[in-house]
Every structure is written in C-alpha cells, then in structure tokens.
Number of protein chains: 2
Amino acid sequence: MAVKGDETRARLIDAARTLVEARGYFGVGLNQVLEAGKAPRGSLYHHFPGGKDQLTAEALTASGQEIDALIRSLADAVPDTRTLIESILDALADRMEGAEYAKGCPIATVALEVAATNDSLQKVCADTYGGWQQALADRLVADGRTHDQAEDLACSLLALIEGALVLARAQRSRTPIDRARRSAVILLNA
Amino acid sequence: MAVKGDETRARLIDAARTLVEARGYFGVGLNQVLEAGKAPRGSLYHHFPGGKDQLTAEALTASGQEIDALIRSLADAVPDTRTLIESILDALADRMEGAEYAKGCPIATVALEVAATNDSLQKVCADTYGGWQQALADRLVADGRTHDQAEDLACSLLALIEGALVLARAQRSRTPIDRARRSAVILLNA
DNA sequence: CGAAATATGTAGATCGGTCTATTAGGAGAC
DNA sequence: GTCTCCTAATAGACCGATCTACATATTTCG
C-alpha cells in the first residue's frame, strides 16, 4: 500500500502548493487542502504528523526546488546570463498571467506572513531564497566574476525579480516584470 | 463626542496597521486589533461598518500615504536622486531591524494574499503602489528624464526596493537591502 | 432630549488538531 | 497457491478555540 499512500501524500502537497501560493499560510484552511487533495482528515495527520506547519514546509520546499531546477536547467540551455534572466522572467510572467494572478512567487507570501512569528517556516523560506541566489551566483561565477561580485549581483537580481512579481500581482499586470527585465540587463552589463 | 470617537477610530487603524504589516490580512484577527486598540467590538463596527475589509483598506491607505509623504519630503530635502533612493532604503532597513523584522513593506503581504481573490483590497494595493511609483517618477522627470523613461525606471527601482524588503524579512538580515542600494545607484547612472 | 459612541453578548461558521474505527494490501507460514 | 496476520492508510466524527459579524443595551456629551 506504499504506492497509494505516497500518491495521497503527493496530492496533499500539490494542493497545498497551489492554495498557499495563491492565498498564503493563514489564508488557507486545512479543509480547503483536504478538499482539493481529495483526502480525508485522517490521511493528512497520518502523512504529516506535524500538522499544518509540516505540510506547508514541505509544500514550500517542493516549490522551491522546482524553481531551483528551472534556474539550473535554463542556465545550461541558454547561451548567456542575460538570456537566462530574461527567460526566467518571461516564464514567471507567463505563469502568473496564465493563473490570472493567483501565482507569483510560491515563497514570498508565506515569507512575509511568518517572518517574525514562525521560526521553522521562516527558516524554510530563508533557505529557499538562499538556494536560488546560489544558483544565480554559480552562473555569474562561471561568467568570470569573483565570488563576492557574484553574490552581490545575484542578490540584487533576485530582489529585482521578487519585487517585480509583487508589483505585477498587486497591479494585475505583467508590465512591472517586463520593465524589470530591461533593468536586469543593465545590472548585468554594469 | 466627536473627538473621543475619532481617537478610538485612529487607535483601531493604528493597531491594524502594525498587526497587518507583521502578519498580513488573514493572519490578523479582529480580536487582536480590538485588544491592541483598546476598543470593544461594538466600536469597531460603529466606525467601520464595512467590517474587516474596510478597516484593512483604511489601514493600508494610511500606511501608503505615510510612505508617499516620506518619499516626497525626502525628495525635497536631498540634493540628488541617488541620495533619495539611498535614504529611502536606509530608512526602511532601520525600521525593519528596529522592529525585529515584524515590519517591511506595509502593503506587500496583503497585496500577495488578496491579489486574486479580493477585488477591493487588491485595488487599494495597486493604487498605493501606483502612487509611490509616481512619486519616484516625478523626481526622475525633474532630473530631466522623459516621462516614459521616468516611469520605467521608477517601476524598476520600486521593484528592487520591494524585492529587497521581501528577501531581508525572509532572511532576517539587512544585507539584501544594502546590496539593492548599490544596484539602485547603478540603475540611476545608466 | 437625541445622536454618537461604547460596551457586551451571542450567533453561526470554521479553524487546527485529536480520536476511534474501519479498510486495504503486502509479507510470511505452510 | 492461499490463508492469516499486521501495519499502513483511509474515513469521518468530534473537540475546544477562534473567527467575523450582528444585536441589544448602556453610557456619554452637545
């Protein structure tokens, strides 16, 4: 029965990922997750004895790893770093528009909600952002930049991307992302 | 009793501003607001017949106007736009650290939580961001930039600032803000 | 007095979490 | 093969707490 159990677990994580990205940690009730994941309450606490926090942490981790993989696979598939950043922003903008602004950064909402009050989730968010920054910095080092330069620039590029996602969702328009795209190129060429 | 009533109203808005900035729309219960604002439940629905949404909207608007005023007053007090941006980021970083990362952008958390599901609050967030962007763009036009250039750059600077605030809160460190500060100067000089 | 404001009480829903049963399916004995 | 057993997994009732909102006084002051 290991297989069926794993499927239920995965369905719950998937449901939590979508809902939490759209409405945040406090904005999603377990009943919603259970309904979307088509699972009874007992299954949730069987697979996630740590309750809502554990489920949310695993959902954030999964979404974080997906973005990490996206960055690293694009980095391999693309001729230069400028194209990498542009591809990331294009992909995120398309994803956001396709979801009618229910999707943006899968981490940011929770990160802001729990920054000062939930240590375990805050740590998950911090680590996830750290991983993304590292993925960008790796590429910048491959371009010939020093470690310090790469870390600085990767952090600013990540901030520009995250901020553009916030503005785009808030205004329900991809314009901020397109503008950030041009500014990112300026930062890369500086 | 107009005076006393207005004071109660103001206390509730102040309490909502602080709590909502720290934990977001869904993360704050009216009981918390009432306790922090030292008011009974009846007063809340007397002053805010629209309930939680109205209270939140007014809290966001007040916080938004405060930042707007900060930008515009700094713009008058400072010799160049570079110093303006640096002053804004320094002020925001100090404020965040001083609150142990319970403060960041007073709008962002709610903006992300309600982007796709609460039209009235989404509109408040969008308008607030629009106002900030306009305040920055006004200064850039005064520097001699065209209207379009100013709008583009103001949007990217705002994204950079917002993103830095997200990363700084998520990682509980002012480093992302300091790095964004240097990148903002690059964008201004480009 | 009359309106504004305050002060509670309470309704009805939903919250996260725990509990006890029941079902399902694979491992091992023979 | 197939029967038995044991645990993983499902199922849903139930708990106290909390949520937003409303209703009904009571108080305060022009």
Side-chain angles (χ1 to χ4, degrees), chain A residues 1-20 22-60 109-110 113-114 117-122 124, chain B residues 1-20 22-60 109-110 113-114 117-122 124:
Chain A
M1 198 184 251
V3 173
K4 186 140 177 259
D6 286 352
E7 279 172 13
T8 300
R9 219 187 116 90
R11 271 205 318 280
L12 286 171
I13 290 183
D14 280 350
R17 285 177 63 179
T18 303
L19 289 166
V20 166
R23 297 172 42 104
Y25 175 75
F26 295 116
V28 175
L30 294 185
N31 290 330
Q32 293 176 259
V33 177
L34 292 172
E35 190 185 4
K38 298 191 192 310
R41 217 166 179 72
S43 296
L44 192 152
Y45 284 92
H46 173 77
H47 292 290
F48 306 93
K52 190 183 188 184
D53 276 20
Q54 184 187 351
L55 174 64
T56 305
E58 295 204 27
L60 292 177
T109 315
V110 179
E113 285 177 298
V114 306
T117 52
N118 185 319
D119 289 353
S120 66
L121 285 178
Q122 179 268 335
V124 171
Chain B
M1 199 184 249
V3 174
K4 185 136 177 264
D6 287 352
E7 280 172 10
T8 301
R9 219 187 116 90
R11 271 204 319 280
L12 286 171
I13 290 183
D14 280 351
R17 285 177 62 178
T18 303
L19 288 166
V20 167
R23 299 175 36 106
Y25 174 76
F26 295 116
V28 174
L30 293 185
N31 289 332
Q32 293 176 260
V33 178
L34 292 171
E35 190 187 2
K38 298 191 192 309
R41 204 184 308 295
S43 295
L44 192 151
Y45 284 94
H46 173 77
H47 292 290
F48 305 93
K52 189 183 188 183
D53 276 20
Q54 183 186 351
L55 174 63
T56 306
E58 295 204 27
L60 292 178
T109 314
V110 179
E113 284 178 298
V114 306
T117 53
N118 185 320
D119 289 353
S120 66
L121 285 178
Q122 179 268 335
V124 171

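Residue numbers begin at 1 in each chain, while the letters A, B, ... track the order of the sequences. Just so you know, these numbers come straight off a predicted model, no measurement behind them.
A:Glu113 CD to A:Thr56 OG1: the interatomic distance, rounded to the nearest 0.5 Å, is 9.5 Å. Interatomic distance, NZ of B:Lys52 versus OH of B:Tyr45, reported as 9.5 Å (0.5 Å rounding).
If you take CZ of B:Arg23 and P of D:dT18, they are 13 Å apart, rounded to a whole angstrom. Rounded to whole Å, the distance from CG on A:Leu34 to P on D:dA9 is 17 Å. In this structure, the OH atom of B:Tyr45 is 16 Å from the C1' atom of C:dT6, given to the nearest Å. Per the geometry, NE2 belonging to B:His47 stands 17 Å off P belonging to D:dA21, to the nearest Å. A:Leu44 places its CG atom 20 Å from the P atom of D:dC14, with the value rounded to the nearest Å. Rounding to whole angstrom units, CD of residue B:Glu35 and P of C:dT8 are separated by 14 Å. The distance between atom CG of A:Asp6 and atom C1' of C:dG26, rounded to the nearest whole Å, is 14 Å. Rounded to whole Å, the distance from CG on A:Leu30 to C1' on D:dT18 is 15 Å.
Of the candidates C:dG9, C:dG17, D:dT10, C:dG9 carries the atom nearest the B:Arg41 side chain, counting heavy atoms from C-beta on. Listed nucleotides C:dG17, D:dC19, C:dT6 differ in distance to B:Pro40; the shortest reach to its side chain belongs to C:dT6. Listed nucleotides: C:dC15, C:dA5, D:dT20. Nearest to the side chain of B:Asn31: D:dT20.
Around atom CD of A:Glu35, no more than 12 heavy atoms belonging to other residues, nucleotides or ligands sit under 6.0 Å away.
No engagement by A:Val33 is indicated, since no non-hydrogen atom pair under 4.0 Å with the nucleic acid exists. Residue A:Gly42 is classed as a base contact, given a heavy-atom separation below 4.0 Å to a base.
OP1 or OP2 of C:dT6 lies within a sub-4.0 Å distance of a side-chain N or O belonging to B:Thr8. Taking 4.0 angstrom as the limit, A:His46 places a side-chain polar atom (N or O) nearer than this to OP1 or OP2 of D:dA9.
When all heavy atoms of B:Tyr25 and B:Val110 are compared, the pair lying nearest together is N-CG2, 3.9 Å.
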Assess whether side chain to side chain donor-acceptor pair (under 3.5 Å) is satisfied between A:Asn118 and A:Ser120, documenting all intermediate values. CA-CA 6 Å; A:Asn118 185 319; A:Ser120 66; 3.1 Å; yes
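Comparing A:Gln32 and B:Ala39 by the nucleotide of DNA chain C that holds the closest heavy atom to each, the one mapping nearer the 5' end is B:Ala39.
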